[in-house]
Amino acid sequence: MKKVLLTGAVGFIGSHLSEKLLNEGYEVIGFDNFDPFYPRSYKELNLKTLQAYPHFSLIEADLRDRDTVLSTMEKHRPDGIIHLAAKAGVRPSIQDPVAYNETNVTGTLNLLLACEKYPVEHFVFASSSSVYGNNAKVPFSEADPTSHPESPYAATKKAGELLCFTYHQLLKMPITCLRFFTVFGPRQRPDLAIHKFVKLIDNDQTIPFFGDGSTSRDYTFVADTVKGIKAAYDNPDGYQIYNLGRSNPVSLNEMVATIERAMGKKANLNRLPDQPGDVTITFADVSKATERLGYVPEIEFEEGIRRFVAWWHEAKADLK
């Protein structure tokens with residue numbers, strides 16, 4: 001039985017990926033610190049699902065603790081690592097850049113250093129479309145420049161990619177970096193727009209609506225992202241970077257209208273100026289991932305919203 005160390009294992013994307021790996025016969029060693037960025041109840045609900053699998057175990061610890069990272073690697077000797085854990089959020093990173101650097105950069109470095117002592121077959125790193133900044137060229141290609149991040153969060157993700165390249169060179173270890181594009185779906189973090197808007201509309205509260213609604217994001221359903229992660233993990237190839245998006249941006253105006261249709265309820269908007277750190281568009285060129293990994297996103301945005309709203313109505317009583 002192949003063994004994977006999965007950081008951020010009970011978070012939004014991590015819990016879905018954990019289930020996929022477990023269903024495909026892997027042993028999953030989960031590593032998560034239950035960061036108080038959002039209520040613990042969200043991850044506890046995910047954990048409850050994962051604990052039904054006999055080959056799932058969880059280490060509640062922090063990647064900034066190098067000794068714990070090393071002892072975890074020594075004890076479990078995973079065949080590979082999928083590193084999803086990070087301090088998330090573009091806007092909050094502007095308020096607390098030091099914490100973002102410590103978790104996202106030092107935490108990643110601690111994992112890479114552990115691989116020096118306990119080698120693995122493949123290291124997969126979760127990067128972000130935010131590394132492209134306000135890229136003038138669309139869609140965004142992996143070959144585009146990424147030297148102008150718009151937020152500390154984006155800068156830490158770019159730093160993580162650079163560290164991954166360095167340790168690929170030093171350790172001759174296959175490393176793949178995956179640039180996620182606005183993942184959404186059941187279990188989505190409560191700070192993200194779709195989750196926040198659904199909750200506010202459901203509770204007849206006002207939605208903070210930044211800008212004129214023309215900004216757009218390449219929303220990607222979580223099941224498609226997870227299939228992309230697994231395909232990348234199955235195909236180690238030196239040092240590679242792949243976009244995992246849907247290649248079909250949706251404007252903020254369209255996103256709100258789609259939620260309104262799914263909920264059968266109108267939103268009450270509080271119109272506000274643009275926020276610093278935000279980019280105007282994200283738009284993935286996924287041709288490389290399609291060609292090399294067979295990555296083809298399948299879930300349309302409207303269907304994904306319907307699935308999220310159905311999950312919200314089922315889960316909201318447990319999400320305090």
Side chain to side chain contact (heavy atoms under 4.5 Å, CB included) assessment of Ser93 paired with Ser151: CA-CA 7 Å; Ser93 74; Ser151 67; 3.9 Å; yes

Take Ser141 and Asp285 through the test side chain to side chain donor-acceptor pair (under 3.5 Å) and record every step on the way to the result. CA-CA 5 Å; Ser141 164; Asp285 177 347; 4.5 Å; no

Pairing of [X] and [Y] as salt bridge, 4.0 angstrom limit:
X      : Y      : answer
Glu102 : Lys87  : no
Lys157 : Glu161 : no
Asp202 : Lys316 : yes
Asp191 : Arg91  : no
Glu60  : Arg40  : yes
Arg217 : Glu254 : no

Does [Y] offer a backbone N or O that forms a donor-acceptor pair with the side chain of [X] under 3.5 Å?
X      : Y      : value
Tyr153 : Pro97  : no
Asn270 : Ile207 : no
Glu27  : His55  : no
Ser251 : Thr215 : no
Tyr100 : Ala88  : yes
Gln188 : His195 : yes
Thr106 : Thr103 : no
Lys288 : Glu142 : no
Asp218 : Asn248 : yes
Arg292 : Ala289 : no

From [atom1] ([X]) to [atom2] ([Y]), nearest 0.5 Å:
X      : Y      : atom1 : atom2 : value
Phe123 : Cys115 : CZ    : SG    : 5.5 Å
Phe56  : Ser15  : CZ    : OG    : 9.0 Å
Asp65  : Ser71  : CG    : OG    : 7.5 Å
His168 : Met173 : NE2   : CE    : 9.5 Å
Asn243 : Ser129 : CG    : OG    : 8.5 Å
Leu113 : Leu70  : CG    : CG    : 8.0 Å

Pairwise side-chain contact, [X] with [Y], heavy-atom cut-off 4.5 Å (strictly under):
X      : Y      : answer
Val28  : Leu21  : yes
Arg189 : Phe184 : no
Lys230 : Val226 : no
Asn235 : Asp237 : no
Leu5   : His83  : no
Arg64  : Val69  : no
Met73  : Ile81  : yes
Thr258 : Arg261 : yes

Name the orientation class of the two ring planes belonging to [X] and [Y] (parallel below 30°, tilted from 30 to 60°, perpendicular beyond 60°).
X      : Y      : answer
Tyr132 : Phe140 : tilted
Phe12  : His16  : perpendicular
Tyr38  : Tyr42  : perpendicular

Can you check side chain to side chain contact (heavy atoms under 4.5 Å, CB included) on Leu319 and Trp312, steps first, answer last? CA-CA 9 Å; Leu319 301 175; Trp312 165 253; 4.3 Å; yes

Minimal non-hydrogen separation, [X] against [Y], with atom names:
X      : Y      : answer
Gly14  : Leu6   : O-CD2, 3.7 Å
Val4   : Pro78  : C-CB, 4.3 Å
Tyr26  : Tyr233 : CE2-CE2, 4.1 Å
Pro208 : Leu272 : CB-CD1, 3.9 Å
Ala284 : Ser247 : O-OG, 2.8 Å
Ala9   : Gly30  : CB-CA, 3.5 Å

If you apply the rule side chain to side chain donor-acceptor pair (under 3.5 Å), what do you find for Thr206 with Asn268, and how did you get there? CA-CA 5 Å; Thr206 302; Asn268 181 18; 3.2 Å; yes

Other residues, nucleotides and ligands only: do more than 12 of their heavy atoms fall within 6.0 Å of [atom1] on [X]?
X      : atom1 : result
Lys75  : NZ    : no
Glu314 : CD    : no
His313 : NE2   : yes
Lys265 : NZ    : yes

Intermediate values then yes/no, salt bridge (charged side-chain N to carboxylate O under 4.0 Å, His left out), Arg271 and Asp212: CA-CA 8 Å; Arg271 295 186 178 274; Asp212 63 2; over 6 Å; no

With side chain to side chain contact (heavy atoms under 4.5 Å, CB included) as the test, would you mind laying out the steps for Thr68 and Asp62 before giving the verdict? CA-CA 8 Å; Thr68 299; Asp62 197 307; over 6 Å; no

Under the salt bridge (charged side-chain N to carboxylate O under 4.0 Å, His left out) rule, what do Arg187 and Glu19 come out as? Steps first, then yes or no, please. CA-CA 13 Å; Arg187 307 178 192 166; Glu19 281 192 274; 2.6 Å; yes

Hydrophobic clusters here meaning ILVMFWY residues chained together by side-chain heavy-atom distances under 4.5 Å, can you tell me if Val250 and Ile201 are in one?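 They do share one cluster, since a chain of ILVMFWY contacts under 4.5 Å joins Val250 to Ile201.
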
Under the criterion side chain to side chain contact (heavy atoms under 4.5 Å, CB included), I'd like the reasoning laid out for Phe34 against Leu58: C-alpha separation, chi angles, the key distance, then a yes or no. CA-CA 11 Å; Phe34 290 81; Leu58 178 68; 3.7 Å; yes

Using the salt bridge (charged side-chain N to carboxylate O under 4.0 Å, His left out) rule, pick out the option among Glu300, Glu298, Glu303 that qualifies with Arg246.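 Result: among Glu300, Glu298, Glu303, Glu300 is the only option passing the salt bridge (charged side-chain N to carboxylate O under 4.0 Å, His left out) with Arg246.
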
Only one of Ile82, Leu84, Thr225, Leu244 passes side chain to side chain contact (heavy atoms under 4.5 Å, CB included) with Leu178; say which it is.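 When Ile82, Leu84, Thr225, Leu244 are each tested with Leu178, the side chain to side chain contact (heavy atoms under 4.5 Å, CB included) holds only for Leu244.
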
